[in-house]
Amino acid sequence: MTGGNESCTAGPTSMSYLTCLTYILEEWTGVEHIGDYLSYAFYILWLLFPLVVVVVLPGVIVILFYVSILLLHIYKRKNELKEAYSHDVWAGAREMLATLWDGHGRIWHGYELHGVENIPPGPGLVVFYHGATPVDYIYFSARLHITTKRRCTVVADNFVFRLPGFKILLDVLGIIHGPKEACVRTLKNGCLLAIAPGGVREALFSDEMYTILWSNRKGFAQVAIDAKVPIIPMFTQNVREGFRTLGGIKILRSLYERVRLPVVPLYGGFPVKLRTFIGEPIPYEPNTTAEELAEKTKAAVQVLIEKHQKIPGNIFRALMERFQTQKKED
């Protein structure tokens with residue numbers, strides 16, 4: 001091996017590093033023309049790169065979900081005796097999951113949360129733009145729990161409650177699917193509640209233009225009025241660059257409208273910079289109608305998008321923002 005290293009620099013012309021490495025590998029393995037094999041291996045990796053983007057990176061999030069579920073089952077088994085005596089046996093589990101997801105957000109996305117001071121101390125309805133996946137909300141919820149020790153319940157689509165193995169996760173985190181009465185009750189109990197009015201449709205069919213797809217939905221506004229709580233607008237910068245969908249394919253849109261399931265493929269998992277911005281709360285006003293409050297909320301979320309998101313979104317630019325310092329905003 002030493003002779004191989006010396007031969008790389010011997011003679012009037014030194015070999016390049018890669019040529020030297022190839023020479024050493026040939027000497028070590030006894031395989032001739034190993035450089036051709038390496039070139040072929042790199043070519044295969046390049047061909048498989050789209051598969052990594054489409055399957056492997058999004059799969060990391062799925063794995064994290066099931067790791068969370070596994071940890072909850074282990075936690076439950078270890079704390080079965082405490083369950084009879086503790087008013088909240090899952091407090092430690094929530095802390096554990098918040099640490100897990102916040103760590104992932106910090107490492108993979110350099111996640112930041114701005115505007116926490118805009119969340120009132122009492123109950124409130126957090127209304128946010130829905131990205132292709134809900135990872136930005138998960139990071140927000142985790143960071144909020146760690147920094148303020150507050151929990152935020154969220155309304156999820158019905159299909160989430162049919163995912164295999166997810167029941168324990170949904171129960172521990174207090175994820176609900178509605179209806180309106182359950183949402184109002186949660187707020188009247190003094191909790192924070194989060195809703196993405198665009199739901200799955202916005203997740204699948206909005207794009208890098210960050211178009212809000214709420215249609216004429218105003219049920220969330222009626223919930224805030226009935227519970228007499230403020231609405232807190234929220235938006236996550238670059239959420240569409242982390243994951244993208246193929247929602248522009250018309251046949252997939254037609255299929256979704258027929259089966260109402262998330263049948264649109266997504267890709268990504270890119271380590272783009274994610275920053276969640278919380279806007280000033282919209283106070284409860286008894287004389288405001290649900291239609292007026294819904295429009296006011298939509299306008300508030302749109303203001304956050306226009307202020308903090310460069311349109312159209314760009315994956316490369318969002319990646320480069322990991323290395324840029326965020327200017328302090330008013």
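A quick note: this is a predicted structure, and the numbers were derived from the prediction, not measured.
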Any donor-acceptor pair under 3.5 Å from [X] side chain to [Y] backbone:
X: Ser206; Y: Thr211; answer: yes
X: Arg143; Y: Tyr111; answer: yes
X: Asp102; Y: Ala142; answer: no
X: Thr288; Y: Tyr284; answer: no
X: Lys273; Y: Gly110; answer: yes
X: Asn189; Y: Cys191; answer: no
X: Thr245; Y: Leu204; answer: yes
X: Arg150; Y: Leu192; answer: no
X: His177; Y: Ala156; answer: no

Taking NZ, NE, NH1 and NH2 as the nitrogens, is one of them in [X] or [Y] under 4.0 Å from a carboxylate oxygen of the other?
X: Arg275; Y: Glu112; answer: yes
X: Arg185; Y: Glu181; answer: no
X: Arg201; Y: Glu257; answer: yes

(message) Out of the candidates Phe277, Tyr210, Phe128, only one should pair with Phe235 under the ring pair (Phe, Tyr, Trp, His ring centres under 6.0 Å) rule; please name it.
(response)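 Among Phe277, Tyr210, Phe128, the one meeting ring pair (Phe, Tyr, Trp, His ring centres under 6.0 Å) with Phe235 is Tyr210.
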
Can a side-chain donor-acceptor contact be found between [Y] and [X] if the only test is distance below 3.5 angstrom?
X: Thr236; Y: Thr276; value: yes
X: His130; Y: Tyr137; value: no
X: Trp101; Y: Ser141; value: no

(message) To the nearest 0.5 Å, what is the distance between CD1 on Ile176 and OG1 on Thr186?
(response)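 Answer for the CD1-OG1 pair, Ile176 versus Thr186, is 4.0 Å.
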
